Undergrad: 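The structure follows.
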Amino acid sequence: MATRLQRDYVEIPIHEAPLRGTAPGPRRPPRPPGAVSFVKQLTSKVSFKEGMKTAGRTVAKMTRMQSSAQMGLKGLRFLDKTSNGKDGWKAVDKRFEEMAVNGRLMKESFGKCIGMNDSKEFAGELFVALARRRNLEPADGITKDELQEFWGEMTDQNFDSRLRIFFDMCDKNGDGKLTEDEVKEVIILSASANKLAKLKDHAATYAALIMEELDPDDLGYIEIWQLETLLRGMVTAQGSEKTIKRTNSLARTMIPKRYRSPVSRFLTRTFDFILENWKRIYLLSLWLTLNFCLFGWKFEQYRKRAAFEVMGYCVCVAKGAAEVLKLNMALILIPVCRNTLTRLRSTGLSKVIPFDDNINFHKVIAVTIAIATFIHTISHVTCDFPRLITCPHDKFISLLGSNFHNKQPTYPSLLASAPGVTGILMIIIMAFSFTLATHKFRRSVVKLRPPLHHLAGFNAFWYAHHLLVLVYVLLVVHGYFIFLTKQWYKKTTWMYLAIPVLFYACERLIRKFRENNYRVSIIKAAIYPGNVLSLYMKKPPSFKYKSGMYLFVKCPDVSPFEWHPFSITSAPGDDYLSVHIRTLGDWTTELRNLFGKACVAQVKSKKATLTRLETTVVADNDIDQMRFPKVLIDGPYGAPAQNYKKYDILLLIGLGIGATPFISILKDLLNNIKSNKEAQGMHNQNNQGEINNIIKNNGPDRAYFYWVTREQGSFEWFKGVMNDVAESDQDNVIEMHNYLTSVYEEGDARSALIAMVQSLQHAKNGVDIVSGSRIRTHFARPNWRKVFTDLSNAHKNSRIGVFYCGSETLTKPLRELSKEFSHTTTTRFHFHKENF
């Protein structure tokens, strides 16, 4: 690693290198003898007439295999599946009436009218192609009858018709031949529709690639049958998908006996729910029991005291709620003692305590505190105070006079007392802190006008939460000066809080100690497309962690107080620490700007370009180190993914920057693969059994990684890891699947040419045109049901750990699929999630 970082370098994407066999002139050199065309590889199963050879400009026709091609090329769709439904034309007809001018629909409105609003340029070219076939002038628009004819062609189930439309779109001059310039124009159009700026910049290179493959005799054009040949070879998956869908439909009709009647179905689902959530259920039950017992004990205690004669059940309710409040003010600190929880995760307690739910439990306790505070306050100010004030003087003095210095209070005097003032201040601070901790404020969903906009965001949440230190001080004062209890040992507030507060204070002291001892220096900083900053640091000798853990980062140049958590992306065996930070808020934006100034590449706007910005800076001495801002770390801390080794198979799912915790796992698995190969090379065949046991104990047998992102530039973040997996994992232990959601799904006409170029380029040099790595990119979103079906069929009787990191969008569907396939197959899926 050290030698690799000795000098500055600039990476040139592989797709920028000139293609083999291309020349700057209009003519390409002939294909070398013996070179095998990728088209021939793709179409090896397609039958041609024996006389199909090029002689001048005469080309024999191709005999079409209807059974395979007709089924496969049904995927060449011009409309989304939702737009192309039974009521598709009704919606188009309605939009025509809204958009038509003098009974004619203009080209500019065509895309929106047919449901292709997000691909206006593509829809415009489609409009021109369809109009040209009918000798219509596109500038004059079309009538409703002509639109219905267009719609009929676009939704035609005959693949010949749709293939002809697609070819006509490419063939701008209508001569039945596609030149390289026309192919280039369509690539640019498709790249724009699919938000692939990098591919758009290299359209000329990829157009030359297509011409090289489809025009081996260098005629300068290709015809429709050659385009069909390539498309036929590419489309092979849809038939198998339909078979899977039929199998799934049949499986759903075979309902198990325990799900047939409503009663048995309810009992079975209840049992399954308890079985899956028993740790949460018993812990919450224990906590609820403790709360009810304390409330009941305090309620009964005050029902037997003199205050009950004056204030009745109101004082019992208020004091019961106060006892619940004190308990939960103590408990709420436990789930955020991260150092302790990290250590406990690796013990046997993890089998009975759901440590992954610590923040959820923290939130539940916070809600309970809010409810108890409300009940306690309302009981006092609306019931107890009025009864104290209106109580007959003689009765008050005889029963409660000693508690109030033999002076009956007034309402203002009660509010102005020590318990009254501290209570009001606590309510104000807690209401402020709890409000800023809600999802809408913490995630900046709420948009406030300046200067109130500073109240939304993580920074406001972080600072407001630290105001709760005052609440604990006020709570102790409040409990010490209460009116109805005089003996110090009966004032129990400090007793509840002493140990948890001391425990939490020790946690903060440990962080301060580590801040001074975990000295890290920046080895390398990189700014990637998608506003991602990666930091590579020297690993402190005492910093021990597991893959899947996270650490906290502080940059005093940004803020001297704020710590922010980030997943560790380096493997435990690496000699460096790395984190990848997505720019989402004020703190991360300022951090990126600081490192952007330190690097040669300057970040001038919030929207990064698709050009990779990376500069390696040597940090061997103090002079070089001054180029980077100072960074402090604290950790490591436990996360759900750290226990991945206890499963037979892994299913890792990352959404955008949610891939970060799994990159560390993949690196760790890759390091194990490399070390296993070294171990096998060092031992002879006699010790093969021992070696196999060592390999088995290293972790899961297989890992499936699904990375779903909407930005092409995201693949730059971990391109090195993907290439390393492709080159080193010869046994296919790690299976990687990249999905780009900004591209229309495979089979859509808007992405057909992109898929074509992708297949040619990957077959030629093993590099994917979208990600720039050796891992092929899929378009649109994964079919998660198919993923779970394939895994359950491939790994029967196995325990599969499903780890998801990303937004809450996918949490519920993946959890439900894990439950469903665990109940209906012999494979057990265990779901874990981290949301950001």
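These values consider heavy atoms only, across backbone and side chains, with no hydrogens, waters or symmetry-generated copies. A quick note: this is a predicted structure, and the numbers were derived from the prediction, not measured.
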Undergrad: With a 6.0 Å cut-off on the ring centroids, do Phe829 and Phe788 count as close?
TA: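 Yes, they do, as the ring centres are separated by less than 6.0 Å.
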Undergrad: Atom NZ in Lys546, atom OG1 in Thr342: separation rounded to 0.5 Å?
TA: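 So the gap between those two atoms works out to 10.0 Å.
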Undergrad: Could you check if a side-chain atom of Phe355 sits within less than 4.5 angstrom of a side-chain atom of Leu344, using non-hydrogen atoms only?
TA: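 Answer yes - side chains close enough.
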Undergrad: Main chain of Ser547, side chain of Asp668: is a donor-acceptor contact present, judged purely on distance under 3.5 Å?
TA: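 Judged by distance alone, no pair lies under 3.5 Å.
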Undergrad: More than 12 non-hydrogen atoms from neighbouring residues, nucleotides or ligands closer than 6.0 Å to CG on Asn358, yes or no?
TA: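 Enclosed.
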Undergrad: Taking side chain as C-beta onward, heavy atoms only, is Ile800 less than 4.5 Å from Leu791?
TA: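 The answer is yes, as the side chains (C-beta and beyond) meet within the 4.5 Å cut-off.
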Undergrad: Between Val553 and Trp563, is the side chain to side chain contact (heavy atoms under 4.5 Å, CB included) condition met? List the steps.
TA: CA-CA 5 Å; Val553 174; Trp563 291 88; 5.8 Å; no
Undergrad: Indicate whether the side chain of Asn531 and that of Arg592 have a donor and an acceptor atom separated by less than 3.5 Å.
TA: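 There is such a pair between these side chains.
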Undergrad: Does the side chain of Tyr545 pick up a donor-acceptor pair with the side chain of Ser570 at under 3.5 Å?
TA: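 On atom types as modelled, these side chains qualify, holding a pair under 3.5 Å.
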Undergrad: Between Asp634 and Lys554, is there a salt bridge with N-O shorter than 4.0 Å?
TA: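 The answer is no: the pair does not qualify as a salt bridge.
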Undergrad: Looking only at heavy atoms, which two atoms of Leu467 and Ser433 are closest? And how far apart?
TA: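 Heavy-atom minimum between the residues: CB-OG, 4.3 Å.
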Undergrad: Could you grab the distance from atom CD1 of Ile281 to atom CG of Leu284, nearest 0.5 Å is fine?
TA: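 Here the interatomic distance stands at 8.5 Å.
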Undergrad: So, using side chain to side chain donor-acceptor pair (under 3.5 Å) as the criterion, who are the partners of Tyr282 when residues are at least two apart?
TA: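 Tyr282 satisfies side chain to side chain donor-acceptor pair (under 3.5 Å) with no other residue.
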Undergrad: Is the Phe552 to Tyr637 ring centre distance short of 6.0 Å?
TA: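 Between Phe552 and Tyr637, the centre distance is under 6.0 Å.
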Undergrad: Indicate yes or no: at least one non-hydrogen side-chain atom of Asp357 is less than 4.5 angstrom from one of Lys279.
TA: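 Answer no - side chains too far apart.
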Undergrad: Looking at every heavy atom in both Trp717 and Tyr528, which two are closest together, and how far apart are they?
TA: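 Minimum heavy-atom contact is CD1-CB, 3.4 Å.
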Undergrad: When rounded to the nearest 0.5 angstrom, what distance separates OH in Tyr706 from CG in Asn738?
TA: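 Those atoms lie 11.0 Å apart.
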Undergrad: Please report the closest heavy-atom contact between Pro335 and Phe361, naming both atoms and the distance.
TA: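 Here Pro335 and Phe361 meet closest at CG-CD2, 3.9 Å.
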Undergrad: Contact between Tyr504 and Leu497 at the side-chain level, heavy atoms closer than 4.5 Å - yes or no?
TA: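 No. Closest side-chain heavy atoms not under 4.5 Å.
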Undergrad: Does atom CG (Leu349) have a neighbourhood of more than 12 heavy atoms from anything else shown, all under 6.0 Å?
TA: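 Yes, because the 6.0 Å sphere around CG of Leu349 holds more than 12 heavy atoms from other groups.
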Undergrad: Would you compute the distance between atom SG of Cys555 and atom CG of Leu535 and round it to the nearest 0.5 angstrom?
TA: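 The CG atom of Leu535 is 9.0 Å from SG of Cys555, to the nearest 0.5 Å.
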Undergrad: When you measure from the side chain of Arg582 to the backbone of Val532, do you find a donor-acceptor pair of N or O atoms at a distance under 3.5 Å?
TA: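 Not at all, since once roles are kept as given, no pair shorter than 3.5 Å links the two residues.
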Undergrad: Trp462 versus Phe561: any side-chain heavy-atom pair under 4.5 Å?
TA: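 The answer is yes, as the side chains (C-beta and beyond) meet within the 4.5 Å cut-off.
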Undergrad: Hey, could you give me the CZ/OG distance between Arg702 and Ser798, rounded to the nearest 0.5 Å?
TA: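 Reported to 0.5 Å precision, the distance equals 11.5 Å.
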Undergrad: Let me see the working for Asn643 and Lys645 under side-chain hydrogen bond (donor to acceptor under 3.5 Å, both in side chains), right down to the final yes or no.
TA: CA-CA 6 Å; Asn643 295 320; Lys645 288 189 176 182; over 6 Å; no
Undergrad: Check Ala464 against Phe432 and note the closest heavy-atom contact, atom names and distance.
TA: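 The pair with the smallest heavy-atom distance is CB-CE2, 3.9 Å.
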Undergrad: Would you say that Lys539 contacts Asp574 through its side chain, given a criterion of any heavy-atom pair below 4.5 Å between the two side chains?
TA: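 In short, these two side chains do not touch, never coming nearer than 4.5 Å.
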Undergrad: Output the distance between atom CD1 (Ile665) and atom CD1 (Ile568), rounded to the nearest 0.5 Å.
TA: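 The distance works out to 11.5 Å.
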Undergrad: Does Arg338 pair with Glu507 as a salt bridge, N-O distance under 4.0 Å?
TA: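 No, Arg338 and Glu507 are not salt-bridged.
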Undergrad: Centre-to-centre under 6.0 Å for Phe628 and Phe595, is that the case here?
TA: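 Under 6.0 Å, so yes.
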Undergrad: Would you check, one step at a time, whether the test side chain to side chain contact (heavy atoms under 4.5 Å, CB included) holds for Leu327 with Tyr496?
TA: CA-CA 6 Å; Leu327 170 69; Tyr496 278 101; 4.1 Å; yes
Undergrad: Contact between Tyr550 and Pro636 at the side-chain level, heavy atoms closer than 4.5 Å - yes or no?
TA: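 No, side chains not in contact.
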Undergrad: Could you check whether the rings of Phe831 and Tyr804 sit parallel, tilted or perpendicular, using 30° and 60° as the cut-offs?
TA: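 Judged by the thresholds at 30° and 60°, the geometry between Phe831 and Tyr804 is parallel.
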Undergrad: Return the orientation label for the Tyr576 and Tyr536 ring planes: parallel under 30°, perpendicular over 60°, tilted otherwise.
TA: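 Tilted: the ring planes of Tyr576 and Tyr536 meet at 30° to 60°.
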Undergrad: Indicate yes or no: does Asp575 engage Lys538 in a salt bridge with an N to O separation below 4.0 Å.
TA: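 Salt bridge between Asp575 and Lys538, a charged N being under 4.0 Å from a carboxylate O: no.
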Undergrad: Relative to the ring of Phe662, is the ring of Phe705 parallel (under 30°), tilted (30 to 60°) or perpendicular (over 60°)?
TA: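 Judged by the thresholds at 30° and 60°, the geometry between Phe705 and Phe662 is perpendicular.
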Undergrad: Side chain to side chain contact (heavy atoms under 4.5 Å, CB included), that's the test. Do Val721 and Lys667 meet it? Break it down for me.
TA: CA-CA 7 Å; Val721 178; Lys667 287 183 177 179; 3.4 Å; yes
Undergrad: Would the distance check show the side chain of Glu590 and the main-chain N or O of Trp587 forming a donor-acceptor pair, the cut-off being under 3.5 Å?
TA: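 Answer holds: no.
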Undergrad: Under the 3.5 angstrom rule, does the side chain of Arg799 hit a backbone N or O of Lys646 as a donor-acceptor pair?
TA: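 Checking the backbone N and O of Lys646 against the side chain of Arg799, a donor-acceptor pair under 3.5 Å is found.
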Undergrad: Pairs under 3.5 angstrom only: tabulate donor-acceptor contacts from the side chains of residues 649-661 to other protein residues two or more places apart or in another chain.
TA:
from	atom 1	to	atom 2	distance (Å)
Thr660	OG1	Ile657	O	3.0

Undergrad: Taking the side chain as every heavy atom from C-beta outward, state whether Pro640 and Glu834 have any pair of such atoms under 4.5 Å apart.
TA: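 Yes, at least one pair of side-chain atoms sits under 4.5 Å.
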Undergrad: Classify the ring geometry of Tyr647 against His830: parallel below 30°, tilted from 30° to 60°, perpendicular beyond 60°.
TA: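 If you compare the ring of Tyr647 with that of His830, the planes turn out tilted.
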Undergrad: Please test Thr811 against Asn835 for side-chain hydrogen bond (donor to acceptor under 3.5 Å, both in side chains), starting from the C-alpha separation and ending with a verdict.
TA: CA-CA 8 Å; Thr811 301; Asn835 294 135; 3.0 Å; yes
Undergrad: What are the two closest heavy atoms between Lys630 and Asp557, and how far apart are they?
TA: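 In terms of heavy atoms, the two residues are closest at N-OD2, 3.8 Å.
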Undergrad: Please report the closest heavy-atom contact between Leu594 and Pro629, naming both atoms and the distance.
TA: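 Heavy-atom minimum between the residues: CB-CG, 3.8 Å.
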Undergrad: Could you go through Asn328 and Ile332, starting from their C-alpha distance and side-chain angles, then the distance that decides it, and tell me whether this counts as side chain to side chain contact (heavy atoms under 4.5 Å, CB included)?
TA: CA-CA 6 Å; Asn328 286 280; Ile332 199 170; 5.9 Å; no
Undergrad: Is the ring pair Trp707/Phe718 parallel, tilted or perpendicular, if the boundaries are 30 and 60 degrees?
TA: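 Ring orientation, 0 to 90° scale: tilted.
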Undergrad: Classify the side-chain pair Ser664/Thr569 by whether it contains a donor and acceptor separated by less than 3.5 Å.
TA: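 Ser664 vs Thr569: no donor-acceptor pair found between side chains.
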